[in-house]
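Take a look at the structure set out below.
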Number of protein chains: 2
Amino acid sequence: MDVHVRDLRYFLAVARELSFTRAAETLYISQPALSKQIRALERQLRVSLFARESTGARLSRAGSELVPFAERMVAEWEAAKAALARASDSTLVLGMHTSPGRRVLPEVRARLVAACPDAVLELRQVAWADRTAGLAERATDAAFVWLPLPQPPYRWVTIAREPRLVAMATGHPLAGRESVALADLLDEPFLALPASAGPLRDYWLALEERGTNPVQVAAEINDTEETYEAVASGIGLCLLAAGNAPIFARGDVIMLPVRDLSPAELVLAWHERHCPPLLETFVGLCADVVDRRTKTEPT
Amino acid sequence: MDVHVRDLRYFLAVARELSFTRAAETLYISQPALSKQIRALERQLRVSLFARESTGARLSRAGSELVPFAERMVAEWEAAKAALARASDSTLVLGMHTSPGRRVLPEVRARLVAACPDAVLELRQVAWADRTAGLAERATDAAFVWLPLPQPPYRWVTIAREPRLVAMATGHPLAGRESVALADLLDEPFLALPASAGPLRDYWLALEERGTNPVQVAAEINDTEETYEAVASGIGLCLLAAGNAPIFARGDVIMLPVRDLSPAELVLAWHERHCPPLLETFVGLCADVVDRRTKTEPT
DNA sequence: TCCTTGATATAACCGCCGGTTATGGATGTG
DNA sequence: CACATCCATAACCGGCGGTTATATCAAGGA
């Protein structure tokens, strides 16, 4: 019923060369393959496209009718590929676990369209299990993720540096404190990211700071809603960045600073081997916005 | 590199339905097959065309760019198929062993273009080994052939009925006669059509009229040139229709009537199961031209 | 005359594509 | 909480799109 555009290219090559052998050479395929494909095309269309003779091939009536259509279709496909390439050059696919928030994305986006009017940002929510938010599989051009991230394949600019809080149900014994130390939490059950998150999971369990003390993982969490429910129902505690506190401020959960934990770092990351021009300007704009912000409101 | 138009149709279906499942239903394929094909298309183009969500699919930037191109290509292919169908409706492929000659083809062709201005005759020379001149393999719509022909699958109109002559080298003992009888030829070596010609081979050996007398086949012949050479060099004799005599009148061969052989019949034949409108009018015109001719020059 | 050359067709083979069914996981809903 | 819906994945299978090797045939040259 339908045709492979490749077969149309084959057909046009034979129509141009009027020779299967030479056409096969220009197409870099073997002559039998070309003959077979053309025969299949003829069988499919129920018409003969060429009159084979010992001297070569001649176009039949149907063949000459087909030529202009085939040319238009091949040209259209070339145009389509070019258009897609252009579109992909001016499109940035951004991965993120939760929205980066912090009012950074709207501002950068506004600046970006001012700089490149035909630029388009495509946002993609990605599962917490995917630590690189699509960078690893090349599904995204850049991603808002929390450190740590392996340095060699990835590069990044800092978006925010925020203290780590611990979230717990309002009824928790520690809930009355002003703040806590990590030592207060060592025996508490914790919520953890999926195992596939690797070092990131360890980071939000403060595994390094715990030293030899083991951590008790109460459950795995895959999105904010799940996390809120698990914390509120007392299943376990959970570390989170101060900037994400508003998402949890819903009454059943209270959050306390953990005094002796280093702040967490939210970055815009990308793959060092994949840095198209638009990404470059986007990164520049992000750095710029963040920079101006840290000046106006220094911590 | 190139695309199958089918995949573009698949893509358009998903773009229209914004759902893989529903699109698969409208396409009468399974949903996994559709998903796989779209993924393959995305991999090939190195862009993602849809954003999959639990609620269904949304077009990505690249996807919306592709839509108009895909629509144009699909439409173009539909148009091409329609054009080919129209062309094949107004094209008649004629098979023939040697040109039918007798001034019939030019006249019928002239009348045909007068009746159907966009009609086109496509002539196809075909090997003598193919007794039906392409009718059997459906390679031709009609063919100029000599009887006999099996009646059930084929039908025909008579183009010419001509006495059979025998051709021999000028040096042959019989060459001085005014005419010969079959009895004079019984011991002579004859040239024969290839075995695959079947009953037609027998006919031009006058096998039936020979009765029990065996025929001595000197060689097989595949075209006029070969035949002329074989006759002229004395390899064997050969029967031929009077109308084809001019082709052999070149000095080294003489032709004599065979008194007691029935005349041969040249017909325009076609397959009874394949008789498109244009063929019908062509047959009518042929019959008409022949009819008028037999009236003006009765034998 | 024979051999070579160059054209297309045929055959046997093989990996991958394009379909199938079965199944699982995520999401919204009564 | 069960259920329906939607998309993804897996395993499987026939056929397509390529390969090399070979046949056939027409044309041309020593």
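Every chain is numbered from 1 and lettered A, B, ... according to where its sequence line falls, protein lines coming before strand lines. Just so it is clear, the values below take in all heavy atoms, side chains as well, and ignore hydrogens, waters and symmetry mates.
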Whole angstrom is fine here: how far is it from CD in A/Glu25 over to P in C/dG6?
11 Å
Per A/Ile29 side chain, nearest of listed nucleotides D/dC6, D/dT19, C/dG19:
D/dT19
If the condition is salt bridge (Lys or Arg N to Asp or Glu O under 4.0 Å), which residues does A/Arg109 pass it with, not counting sequence neighbours?
none
For a quick test of reading the model: is some side-chain N or O of A/Tyr28 closer than 4.0 Å to OP1 or OP2 of D/dT19?
no
Protein-nucleotide distance (B/Asp7, atom CG; C/dG19, atom P), rounded to Å
7 Å
Establish, from distance only, whether the side-chain atoms of A/Ser35 and A/Gln31 form a donor-acceptor pair under 3.5 Å.
yes
Whole angstrom is fine here: how far is it from CG in B/Leu18 over to C1' in D/dC6?
14 Å
Can you confirm whether A/Leu105 sits close enough to A/Leu123 that some side-chain heavy atom of one is under 4.5 Å from a side-chain heavy atom of the other?
yes
Rounded to whole Å, CZ of B/Arg52 lies from C1' of D/dT5 at a distance of 17 Å
Below 3.5 Å, does any donor atom in the side chain of A/Gln31 face an acceptor in the base of C/dA7, or the other way round?
no
Phosphate contact (D/dC7 OP1 or OP2) by B/Ser19 side-chain N/O below 4.0 Å:
yes
What does A/Phe50 touch in the nucleic acid at a heavy-atom separation under 4.0 angstrom: a base, only the sugar-phosphate, or nothing?
nothing
How many Å lie between CE on B/Met1 and P on D/dG17, as a whole number?
18 Å
Protein-nucleotide distance (B/Glu17, atom CD; D/dC6, atom C1'), rounded to Å
14 Å
Expected output is a numbered-order residue list: members of residues 32-44 of chain A with a heavy atom under 4.0 Å from any atom of DNA chain C. What is it?
A/Pro32, A/Ser35, A/Arg39
Measuring to OP1 and OP2 of C/dT8, would you say a side-chain N or O of A/Thr21 lies under 4.0 angstrom away?
yes
How long is the line joining CZ of B/Arg22 and C1' of D/dC6, in whole Å?
10 Å
So, is A/Ser30 close to the D/dT19 phosphate, meaning a side-chain N or O under 4.0 Å from OP1 or OP2?
yes
When rounded to the nearest 0.5 angstrom, what is the spacing between CG in A/Leu239 and CG in A/Asn244?
12.5 Å
Check: B/Ile221 and B/Val231 side chains under 4.5 Å, non-hydrogen atoms:
no
Nearest 0.5 Å, please: how far is CD1 in A/Ile38 from CZ in A/Phe20?
5.5 Å
For A/Phe50 versus A/Arg52, what's the shortest heavy-atom pair and its separation?
O-NH1, 3.3 Å
